[in-house]
Amino acid sequence: MASIHPKRTELEFRDLREFSPDIVCGEYNAISVMGEETGYLRFILRSGKADKRPSDSDYAIYCSKKPAEALEKLFGIGPVDNSNRTLMQIQADFGEISAALASYEMDMFVLPKGKSGLSQLTASRMDVSPPRKFRQGGYLKEIPNDPWDRAYLYESSQLSGVKGSYEIKSLGADGLPGGSGQNADVSTDQMGYLQHIINN
């Protein structure tokens with residue numbers, strides 16, 4: 001009976017650059033024992049975890065000496081500093097709502113659905129029976145509005161047996177899609193970027 005040997009792969013690296021104590025960016029080429037190559041592909045090593053297929057925006061922001069400028073160029077969001085009180089409020093609200101959504105999903109096994117789904121974090125759910133236990137008193141006392149007193153937009157998606165995903169968004173001062181500065185859309189999709197910039 002023929003023995004089966006694991007497929008061995010060698011990696012070649014180039015253009016390695018360090019952008020903070022926990023971020024290294026560069027390119028790698030995987031070469032199999034048969035000589036097959038992937039060609040050089042970008043990667044990001046962040047907090048000890050390798051992202052072998054980073055998005056263009058991830059690479060532009062995490063692999064930049066000026067990530068705040070990269071964020072503003074890509075999404076119109078800025079400036080990212082403590083003087084931007086509206087952006088700091090949005091970030092705090094996203095953190096609070098995201099924590100509530102995580103607790104809700106843990107208890108209910110699904111995310112709230114629909115554009116008004118965030119309201120389900122506050123209402124008492126007497127119609128839900130174990131093992132889906134709605135936390136007494138809800139998950140938030142009230143849903144915060146954005147800095148311009150508009151409701152945050154919310155969308156979620158979930159496949160059976162798979163952890164759900166969601167997006168929370170503010171459309172900025174003008175309440176319209178797009179824009180820059182105070183009018184920029186800000187989404188939970190950019191939370192990681194904001195935390196990276198603020199912490200570095």
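Only a predicted model underlies this, so the values are computations on that prediction, with no experimental measurement involved.
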Trainee: More than 12 heavy atoms of other residues, nucleotides or ligands under 6.0 Å from CZ of R17: is that the case?
Mentor: yes
Trainee: Tell me the closest heavy-atom pair linking L111 and L101, and the distance in Å.
Mentor: CD2-O, 4.1 Å
Trainee: So L118 and Y139, do their side chains get closer than 4.5 Å, heavy atoms only?
Mentor: no
Trainee: State, to 0.1 Å, how close L87 and P79 come at their nearest heavy-atom pair, and which atoms those are.
Mentor: CD2-O, 3.8 Å
Trainee: If I take atom CD from residue Q120 and atom CG from residue L140, how far apart are they, to the nearest 0.5 angstrom?
Mentor: 12.5 Å
Trainee: Checking L45 against F43 for the side chain to side chain contact (heavy atoms under 4.5 Å, CB included) test, could you report, in this order, the C-alpha distance in whole Å, the side-chain angles of both residues, the deciding distance, and whether it holds?
Mentor: CA-CA 7 Å; L45 181 65; F43 76 92; 4.3 Å; yes
Trainee: Decide yes or no for N82 and N84: does some side-chain heavy atom of the first lie under 4.5 Å from some side-chain heavy atom of the second?
Mentor: no
Trainee: Same hydrophobic cluster for L171 and M191, using side-chain heavy-atom links shorter than 4.5 Å among ILVMFWY?
Mentor: no
Trainee: When you measure from the side chain of R14 to the backbone N and O of N29, does any donor-acceptor pair fall under 3.5 Å?
Mentor: no
Trainee: Check this for me: N199, atom CG, are more than 12 non-hydrogen atoms of other residues, nucleotides or ligands nearer than 6.0 Å?
Mentor: yes
Trainee: Between the side chains of E167 and T188, does any donor sit under 3.5 Å from an acceptor?
Mentor: no
Trainee: Between I61 and F75, is a side chain to side chain contact (heavy atoms under 4.5 Å, CB included) present by the stated rule, with each step listed?
Mentor: CA-CA 11 Å; I61 293 170; F75 299 105; 4.1 Å; yes
Trainee: If every non-hydrogen atom of A70 is compared with every non-hydrogen atom of A60, which pair is closest and at what distance?
Mentor: CB-O, 3.5 Å
Trainee: Can you tell me which residue pairs pass the salt bridge (Lys or Arg N to Asp or Glu O under 4.0 Å) test with a partner in residues 45-62, sequence neighbours excluded?
Mentor: R42-D56
Trainee: In terms of hydrophobic clusters joined by side-chain contacts under 4.5 Å, are I168 and M108 together?
Mentor: yes
Trainee: Taking the side chain as everything from C-beta on, heavy atoms only, tell me whether E105 gets closer than 4.5 Å to V110.
Mentor: no
Trainee: Taking the side chain as C-beta and beyond, is there a heavy-atom pair between I77 and Q190 under 4.5 Å?
Mentor: yes
Trainee: Can D107 and K133 be counted as an ion pair, charged N to O under 4.0 angstrom?
Mentor: no
Trainee: Treating Y62 as the side-chain partner and C25 as the backbone partner, does any N or O pair qualify as donor plus acceptor under 3.5 Å?
Mentor: no
Trainee: Ignoring hydrogens and angles, state whether a donor on the side chain of T122 or E142 is under 3.5 Å from an acceptor on the partner side chain.
Mentor: no
Trainee: Would a 4.5 Å heavy-atom cut-off, applied to side chains only, mark I97 and P144 as touching?
Mentor: yes
Trainee: For I44 and C63, which heavy atoms make the closest approach, and how far apart are they?
Mentor: CG1-SG, 3.8 Å
Trainee: Supply the atom-to-atom distance E72 CD to K66 NZ, rounded to the nearest 0.5 angstrom.
Mentor: 12.5 Å
Trainee: What about I90 and M88, same hydrophobic cluster or not, with Ile/Leu/Val/Met/Phe/Trp/Tyr joined at side-chain heavy-atom distances under 4.5 Å?
Mentor: yes
Trainee: What verdict does the side chain to side chain contact (heavy atoms under 4.5 Å, CB included) test give for Q89 and D146, after you've listed the backbone C-alpha separation in whole Å, the side-chain angles of each residue and the deciding distance to 0.1 Å?
Mentor: CA-CA 8 Å; Q89 180 186 328; D146 75 8; 5.9 Å; no
Trainee: Let me check something: do L41 and F13 share a hydrophobic cluster, defined by ILVMFWY side-chain heavy atoms less than 4.5 Å apart, either directly or through other members?
Mentor: yes
Trainee: Where do L121 and P112 come nearest, in terms of heavy atoms and distance?
Mentor: CD2-CG, 4.2 Å
Trainee: Do E69 and S64 make a side-chain contact, defined as non-hydrogen atoms from C-beta onward lying under 4.5 Å apart?
Mentor: no
Trainee: When rounded to the nearest 0.5 angstrom, what is the spacing between CD in E10 and CD in E37?
Mentor: 10.5 Å
Trainee: Testing the basics here: between S170 and W148, what is the closest heavy-atom pair and its distance to 0.1 Å?
Mentor: OG-CZ3, 3.7 Å
Trainee: Between E155 and Y166, do the side chains contain a donor N or O and an acceptor N or O under 3.5 Å apart?
Mentor: no
Trainee: Within the 4.5 Å heavy-atom criterion, are F94 and V186 side-chain neighbours or not?
Mentor: yes
Trainee: Quick check for you: to the nearest 0.5 Å, what is the distance between F109 atom CZ and Y104 atom OH?
Mentor: 12.0 Å
Trainee: Do I198 and Q91 pass the side chain to side chain contact (heavy atoms under 4.5 Å, CB included) test, and can you show the C-alpha distance, the side-chain angles, and the key distance before you say yes or no?
Mentor: CA-CA 11 Å; I198 291 167; Q91 186 190 29; 3.2 Å; yes
Trainee: Can you confirm whether the side chains of Y193 and S57 place a donor and an acceptor under 3.5 Å from each other?
Mentor: yes
Trainee: Will you find, in the side chains of D93 and Y152, an N or O donor that is under 3.5 Å from an N or O acceptor?
Mentor: yes
Trainee: Can you tell me if E27 has over 12 outside heavy atoms packed within less than 6.0 Å of its CD?
Mentor: yes
Trainee: I need the full list of disulfide (SG to SG under 2.5 Å) pairs touching residues 64-108, with sequence neighbours left out, sorted by first then second residue.
Mentor: none
Trainee: Does V80 reach the side chain of L194, with side-chain heavy atoms less than 4.5 Å apart?
Mentor: yes
